[in-house]
Amino acid sequence: MGKAIGIDLGTTNSCAAIVDGGKPRVITYKGGQSTIPSVFAIDEKGDRLVGHDAKKQAQLNPTNTVAAAKRLIGRNYHSKTIEKVKQVFTYELVEGESSEVLIKVRDQIFTLEQISAAILRKIREVAEEALDAEVDQAVITVPAYFNDRQRQAVRAAGKLAGLKVLRVLNEPTAAALAYGLGKNLNQRIAVYDLGGGTFDISVIDIKERIFEVIATGGDTFLGGVDFDDRVMQWVLESFQKAHGIDLSYDRVAIQRIRDAAETAKIELSSVMRTRIHVPFITKNDTGGGLDVDMELTRERLEELCADLVDRTIQTVERIFREAGTTRPQIDEVLLVGGQSRMPLVQRRITEFMGKPPSKGVHPDEAVGIGAAIMANSLAAVQSSDDVTLLDVLPMPIGINKVDGSMHVLFQKNQPLPDYKTRTLTTSKDNQRSIMLRIYQGEAAICADNELLGTFVFNNIRAAPKGKVQIEVTFHIDSEGILNLTARDKQTGQTVESTLKLGKSNEGDKDEKSAAKAAGGAAPAAAPAAAPAPAPAPVAPAAFTMPQSSIAASLGSDAAAPPPPSADGEHVVGRRPSRPVDAPTDHSEALRAETTATVTRGETTKTERAPAEAATSASTPPTFTVPPAAAAPDGLWGKVTAWFKGMFGGG
């Protein structure tokens, strides 16, 4: 068996670490670098480039160079965030058949999983070269605020890269591991993680070898690249005022200025002023060359970026409230991520907390080191380094109600793992299918949240209305990945289930309007005509989301809740969960709920089987799901039945 490493898969740079001789260390590559740029490109010769080679040619090949792909992974093409980044990124984004984001590079279409897999494969290769040993296992870190689809996508990318993903670990939790392991601490800490593309804040209790996340939050579209963009915009506006030329339509110029802006921003963390010089950026009216040549001071940089830092402080305040903690109760604040080096960030944190941040971790290495500690614990057959992680769900998960609002199944900061059940029943004779849409996000309206997918329960037993009861179990594992199972309560047989990755949330608004006009509840959306297939991806291994198995579709073997496996992944212990708020009252249509909170303790050996659903003394209430009306035979009839199964419609 090969070695297990920890991988910090970053937006701008990635690194790997390993526990060697009982001590964790960052893996250093040829040339002395400890990080690899998270960049993928195809040059004019058709060669694929990853890392430093890709970044070197980015200025002259911006449309075929993919950077910051982590910001896009697992997202819906029609989401508001994608609409924003399409105006900023220099490469082309296209829509996939399931509304996923695809990237076009030199007329080749890639999934985000394939791009991330190329970066992970490069990390694996250079790690094997540095260690002179095979690497086939890894713990990969993600922002704490990543949703279910994004976590699944990272797992899929790791598998494409030839790695057994031992765990998807939250970045702040990894940093806490790097800080606290082996110190026998009894502290409450806050991890402020401002990286290249994302921001996270987590409140974590450390009690010797137990690391318990109390609350977490963040912004997956706030990071160092946003600070770079502020400097870039300032340069573009200054150049236009001076020369009357708008460079914002020149992608090569944009890439060159962006790189210069990043360099200047980094320099201003150690000096008070710096020069931004980009020679021969364009030509003037007479054909002469023009340079970008201006001075940027630290004071001016802080003016440009002050509101971005303020956004992070506002998020910290909110998460402290959710954690039920006050500033004096925080023993230490860890600053993680390259952007946290900015003097303005450190000054604002000091002012807010009333004390300076801790120097106990390296901002660039802490996440990778923590991932390596976890990888070593998970991969070891016997180890004295086992730790117990008690994590929480970063965002609520729920299903849509008939009025378009979200019925929350799992609250934000719900201790993990956990599961709940719903009992569905039919509303018409011989109803054969039901659909259920799953959303994740903090908005009250489903359309404003991320659609994780649509579950279709097919081939339901034919019976008079109300006589079939389908018990659906929603299980979230310790990584925050959702799995669904369904069974017929009368027969005990498993109901056939299929996951369909959702279309745009915008379609929900139209279908609700149509349903209202028809006087019925909102049915699930009918499928749009399939778009013309994109050119076949040419990556070494094409990524396709399985369509026939829920367990496979929702995060491979680690997402499903099977009994402990022979090869042993992580074990759940017997630590009782923290009390959570009582569930709020919901509409009659969704009032049926049997809940059970799984015990939270998790050592890091093998995954345990989920506890059986809690049963009550009396039969729990059920809610009725109208079927589709009689439809013509054939394919269209089946389609009609599927997409009216959940909430009816005539």
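Everything numeric in this text was worked out from a predicted model, so none of it was measured.
In this structure, F110 CZ and L102 CG are separated by 11.0 Å, a value rounded to the nearest 0.5 Å. Expressed to the nearest 0.5 Å, how far CD of Q314 lies from CZ of R311 amounts to 9.0 Å. Here D391 contributes atom CG and S202 contributes atom OG; the two are 7.5 Å apart, rounded to the nearest 0.5 Å. Of the inter-residue distances, the one linking L452 atom CG with Y439 atom OH reads 9.5 Å to the nearest 0.5 angstrom. To the nearest 0.5 Å, atom CG of residue L344 and atom CZ of residue F227 are 7.5 Å apart. From D8, atom CG reaches atom CG of L169 across 10.5 Å, with rounding to the nearest 0.5 Å.
Inter-residue side-chain proximity for L308 and R230 is flagged as met; some heavy-atom pair is nearer than 4.5 Å. When side chains are defined from C-beta on, T315 does not count as touching D219, because their heavy atoms never get closer than 4.5 Å. Contact annotation: the side chain of D477 never approaches that of N483 to less than 4.5 Å [non-hydrogen atoms, C-beta and beyond]. Residues V225 and R71 form a side-chain contact, since some pair of their non-hydrogen atoms from C-beta on lies under 4.5 Å apart. Within the 4.5 Å cutoff, side-chain heavy atoms of I319 are placed close to those of V203. Y179 has its side chain within reach of I206: a pair of non-hydrogen atoms, C-beta onward, lies under 4.5 Å apart. At a threshold of 4.5 Å between non-hydrogen side-chain atoms, the residues I481 and R155 count as touching. L389 has its side chain within reach of R167: a pair of non-hydrogen atoms, C-beta onward, lies under 4.5 Å apart.
Using a cutoff of 4.0 Å between basic side-chain nitrogens and carboxylate oxygens, D20 and K3 are not scored as salt-bridged. Looking at E332 and K359, no side-chain N of the basic residue comes within less than 4.0 Å of a carboxylate O on the acidic one, giving no salt bridge. A salt bridge is absent between E479 and R151; no separation between the charged side-chain nitrogens and carboxylate oxygens falls under 4.0 Å. Using a 4.0 Å cut-off between a side-chain N of Lys or Arg and a carboxylate O of Asp or Glu, K122 and E125 do not qualify as a salt bridge.
Closest approach of V408 and P396 over heavy atoms only: CG1-CB, 4.1 Å. Taking all atoms of both residues into account, the shortest heavy-atom contact from I123 to A16 is CG2-CB, 3.7 Å. Heavy atoms only, all atoms of each residue included: F146 and T220 are closest at CD1-CG2, 4.0 Å. Between A371 and V139, the closest heavy-atom pair is O-CB, 3.6 Å. For V39 against A67, the heavy-atom pair with the smallest separation is CG2-CB, 4.3 Å. Of all the heavy atoms in R149 and L451, the pair that sits closest is NH1-O, 3.1 Å.
E128 contributes a side-chain N or O that, together with a main-chain N or O of V135, makes up a donor-acceptor pair within less than 3.5 Å. Remark: side-chain polar atoms of T350 are paired, donor with acceptor, to backbone N or O of Q346 under 3.5 angstrom. For K420 (side chain) and F410 (main-chain N/O), no donor-acceptor pair under 3.5 Å exists by modelled atom type. Side chain of S38 to main chain of G10: a donor-acceptor pair is present (N/O by atom type, distance under 3.5 Å, no hydrogens or angles). Looking only at distances, no side-chain donor or acceptor of Q137 sits under 3.5 Å from a matching main-chain atom of A379. A donor-acceptor pair is defined here as one N or O able to donate and one able to accept, closer than 3.5 Å; such a pair exists between the side chain of E100 and the backbone of S98. When atom types are taken as modelled, the side chain of N376 and the backbone of I373 share no donor-acceptor pair closer than 3.5 angstrom. Counting only distance, with no hydrogens or angles, the side chain of D331 and the backbone of I189 share no donor-acceptor pair below 3.5 Å. In this structure a side-chain-to-backbone donor-acceptor pair under 3.5 Å is missing from R341 to P363. Under the 3.5 Å distance criterion, the side-chain polar atoms of R124 are matched with a main-chain donor or acceptor of G162.
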Checklist line | Criterion side chain to side chain contact (heavy atoms under 4.5 Å, CB included) on I349 and L335, from CA distance to verdict | finding: CA-CA 9 Å; I349 286 292; L335 297 188; 4.2 Å; yes
Check: So H78 and S99, side chain to side chain contact (heavy atoms under 4.5 Å, CB included) or not? Walk me through it.
Finding: CA-CA 7 Å; H78 297 281; S99 288; 3.8 Å; yes
Next item on the list: Begin from the C-alpha positions of I445 and M406 and carry the test side chain to side chain contact (heavy atoms under 4.5 Å, CB included) through to its verdict.
Entry: CA-CA 6 Å; I445 304 301; M406 187 166 85; over 6 Å; no
Item checked: Stepwise side chain to side chain contact (heavy atoms under 4.5 Å, CB included) test for K159 and V165 -> CA-CA 7 Å; K159 186 176 181 179; V165 181; 5.7 Å; no
Next item on the list: Apply the test salt bridge (charged side-chain N to carboxylate O under 4.0 Å, His left out) to residues R188 and E212: give CA-CA distance (whole Å), side-chain angles for both, the deciding distance (0.1 Å), then the verdict.
Entry: CA-CA 9 Å; R188 173 165 287 190; E212 181 176 15; over 6 Å; no
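Checking N147, L393, I438 one by one against L482, the side-chain contact (heavy atoms from CB on, under 4.5 Å) holds for a single residue, I438.
When only modelled atom types and interatomic distance are considered, N170 and D200 share no side-chain donor-acceptor pair under 3.5 Å.
In this structure Y192 satisfies the ring-ring contact (aromatic ring centres under 6.0 Å, His included) test together with F199, sequence neighbours excluded.
Ring-plane geometry between F320 and F352 is classed as tilted, the angle between the planes lying from 30 to 60 degrees on a 0 to 90 degree scale.
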